[in-house]
Number of protein chains: 2
Amino acid sequence: MADLAKVAGVSAITVSRALRDSPLVNAETRARVRDVAQQYGYAFNVSARNLKLRRSMTVAVVVEMKPTVERQMSGPYPLDLLGGITQELTSTGYSVLLTSLQGGALPNVRAADGVILLGQGAHEDAMHEVQRWGRPMVVWGAVSRHESQIVVGSDNRRGGALAAERFIALGRSRPAFLGDPAHGEFAERLEGFSTALARHGITPIAPTVSSFTVGAGADAVHALLQAHPQVDALFAASDLLAIGAIRALIERGRRVPEDVSVIGYDDSPLGATYVPPLTSVHQNFIDAGVLLARKVRALIEGEDAVSETLPTHLVVRTT
Amino acid sequence: MADLAKVAGVSAITVSRALRDSPLVNAETRARVRDVAQQYGYAFNVSARNLKLRRSMTVAVVVEMKPTVERQMSGPYPLDLLGGITQELTSTGYSVLLTSLQGGALPNVRAADGVILLGQGAHEDAMHEVQRWGRPMVVWGAVSRHESQIVVGSDNRRGGALAAERFIALGRSRPAFLGDPAHGEFAERLEGFSTALARHGITPIAPTVSSFTVGAGADAVHALLQAHPQVDALFAASDLLAIGAIRALIERGRRVPEDVSVIGYDDSPLGATYVPPLTSVHQNFIDAGVLLARKVRALIEGEDAVSETLPTHLVVRTT
DNA sequence: TTGAAAGCGCTAACAA
DNA sequence: TTGTTAGCGCTTTCAA
């Protein structure tokens, strides 16, 4: 910058201002500085700015990417979420630092101006962990679980209720829920599901399924049919689980949807293209990502932000 | 650091060294400094280090996350790739800066010590774009296309050959390839496919399909059957395309696999759980991510790195 | 094994 | 509208 200043015949601070489009600098001067910068291939030094400004213009996004059995963040969802976040953040000069829970130890991550946590984890353990990092934080997960935190999530209760209402409309009377209520989002889905069913005097069976794989869904349904052969409707906490469930149903000679109705969650391409095409509760992950990004940014910039619930709707297909 | 130095009764530079585990500092001194740092909740300032060292300890990963029709990076693959990259990079102190092609303008991205590009784009346009950023770069894509670049990719030619060999073994004689050779990886798959078939005197039909959606696959197959009703084997450049193809085949009254064999690419969960379960060429994205990470790191640290091809294998299922 | 001095490149505060 | 001064927090000489 000092060199540019010399060449352009101004002071370093003027160069700094020109490059930042400060209104304090004459349009002509700015143009000249910019030209010179261009011409000499000047490269701005972010570290120096960050040092001076005490910020990093960086938001850490915590995702669990490890291939684990209990892999909630598989499929295209986190990528959509990440897409929304990245789009919104980069359009305002922030960068996205991708990290896992373990990454909290990295200096770069510690220096992030804010954190977005994707998935609060079973029993909110991930959330508590990240909270210890002491940065402005926004979470994607179950909104109802945390008054004290800023959480963006889709309306899981409504999602559950939609599934229940659909089953009622179809005349089903022995529904089951497949999922693990230890995860706040799933607990909300079950709550909405149960509450809506209760209005019709129905209590769902709810075996805990703590993996999110096709296999887990199939196993759970095999066990379920053994204990409750009269089940006629299955609401799964994810499309993957629903697909496993359908497989098990067919293996046991039940027809879908004639004998048993099945509703999944997430409206994933996997479910949409499955045979039979899966009825599923839809959530818009890209919008969610944008919203998460706006909220951390607000927090970082000292404004306040509130939790928010995104609408959800049922996509009726064959099952 | 200066404050810590005072409290610990040493100089700032000693604190610096102690915190970095420098061998130049006495073990006792180090322990004392660390204790004090811990106790006072000292937070290391990355920007200052980066300013001094002229590096950012950051690697930009360029992914196309925008929801476009031609969305090569959909599905779980990029997340696996990202998982492998993140795991490897963070274990050596680097952070992952997630960005898109447009993100190249961001100061943080420009400051990255290296770049990993996921997918070279049609006609390698993405690659040329990123190359202009002037940073050490490693690309995930078609290895054979670029002598001058460091590319990691799976063995697409072998993948194509595996599909061809399978068709031959099944006695198929009128195969087609579905995909867009403008993308280097797909061109390689087609090359391997054609070459292996040529050994049996067979030339595949290869209509260009430039979208990567289920719908595109279906449309392409409808058109294909119109022109070439005798087709008895379909090799698709992705599982999504293969699934669309199967749908169209069934709509036209062909049985899979009795009348027409279908092989997809990527071995995605979507394909594996599809009905009928899709035969597909498998690639290991996590390993690939780790490899990409190692190679940029080598480049950044002044070592040299070479392009590398990862093995590929056929997962035979029903189709 | 420890320390003193100097400076990385930027911008805020204050002057002119 | 422009410039001067100072300093953000770290690490690399070089010296002790």
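Throughout, protein chains are lettered first and strands after them, A, B, ... in sequence-line order, and every chain is numbered starting at 1.
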Review point. Would you say a side-chain N or O of B/Ser11 is under 4.0 Å from OP1 or OP2 of C/dT2?
Key: no

Study note, to complete from the structure: From the candidates D/dT11, D/dG3, D/dG9, the one with an atom nearest any side-chain atom of B/Ile13 is D/dT11

**Study point:** Spacing between A/Arg32 atom CZ and D/dT2 atom C1', to the nearest angstrom
**Key:** 11 Å

Check your understanding: OP1, OP2 of D/dG9 versus side-chain N and O of B/Tyr42: anything below 4.0 Å?
Key -> no

Revision key, fill the gap. Here the gap from B/Asn45 atom CG to B/Lys52 atom NZ, rounded to the nearest 0.5 Å, amounts to 14.5 Å

Exercise for review: For A/Arg17, answer base if it contacts any base atom (sugar-phosphate contacts may also be present), sugar-phosphate if it contacts only those atoms, and nothing otherwise; contact means non-hydrogen atoms under 4.0 Å.
Suggested key: base

Check your understanding: OP1, OP2 of C/dG3 versus side-chain N and O of B/Thr14: anything below 4.0 Å?
Key -> yes

Review point. Nearest-Å distance, CZ (A/Arg55) to C1' (D/dG9)?
Key: 18 Å

Check your understanding: Base, sugar-phosphate, or nothing for B/Val46, non-hydrogen atoms under 4.0 angstrom?
Key -> nothing

Review point. Looking at D/dT11, C/dT1, C/dC10, which one has an atom nearest to any side-chain atom of B/Ser16?
Key: D/dT11

Check your understanding: Hey, what's the ring geometry for B/Tyr42 with B/Phe44, parallel, tilted or perpendicular (30° and 60° as the breaks)?
Key -> perpendicular

Review point. Is there a side-chain contact between B/Asp21 and B/Arg34 (heavy atoms, below 4.5 Å)?
Key: yes

Point to revise | Atom pair OG1 (A/Thr58) and CG (A/Leu89), whose distance is rounded to the nearest 0.5 Å | key: 9.0 Å

Check your understanding: Phosphate oxygens OP1/OP2 of D/dT2: is one of them under 4.0 Å from a side-chain N or O of A/Thr29?
Key -> yes

Check your understanding: What nucleotide, of C/dG3, C/dC10, D/dT11, holds the atom closest to the side chain of B/Phe44?
Key -> D/dT11

Review point. B/Asn45 has a side chain; which of D/dG3, D/dG9, C/dC10 sits nearest to it?
Key: D/dG9

Point to revise | Side chain of A/Lys52 - closest among D/dG9, D/dT1, C/dT11 | key: C/dT11

Check your understanding: Out of D/dC10, D/dG7, C/dA13, which nucleotide sits closest to the side chain of B/Ala48?
Key -> D/dC10

Review point. Roughly how many Å is it from CG in B/Leu24 to P in D/dT12, rounded to a whole number?
Key: 10 Å

Review point. Hey, is the side chain of A/Arg20 poking within less than 4.0 Å of OP1 or OP2 on C/dC10, counting only N and O atoms?
Key: no

Exercise for review: Using only side-chain N and O atoms of B/Arg54, determine if any of them is under 4.0 Å from OP1 or OP2 of D/dT11.
Suggested key: no

**Study point:** For atom OH of A/Tyr40 and atom P of C/dG9, their distance in whole Å
**Key:** 18 Å

Practice item. Mind checking the CE-CG spacing from B/Met57 to B/Asp113? Nearest 0.5 Å is all I need. Key: 7.0 Å

**Study point:** Presence of A/Ser47 side-chain N/O under 4.0 Å of C/dG9 phosphate oxygens OP1/OP2
**Key:** no

Check your understanding: Does a side-chain N or O from B/Arg49 land closer than 4.0 Å to OP1 or OP2 of D/dT12, or not?
Key -> no

Point to revise | Whole angstrom value for the distance that separates P of C/dG9 from CE of A/Met1 | key: 11 Å

Study note, to complete from the structure: Between CG of B/Asn50 and P of D/dC8 the distance, given in whole Å, is 18 Å

Point to revise | Atom pair CD/CD of A/Glu185 and A/Gln283 - distance to nearest 0.5 Å | key: 7.0 Å

Revision key, fill the gap. Separation of D/dT1 atom P from A/Arg30 atom CZ, nearest Å, is 10 Å

Practice item. Quickly work out the B/Asn26 CG to C/dG3 P distance and round it to whole Å. Key: 11 Å

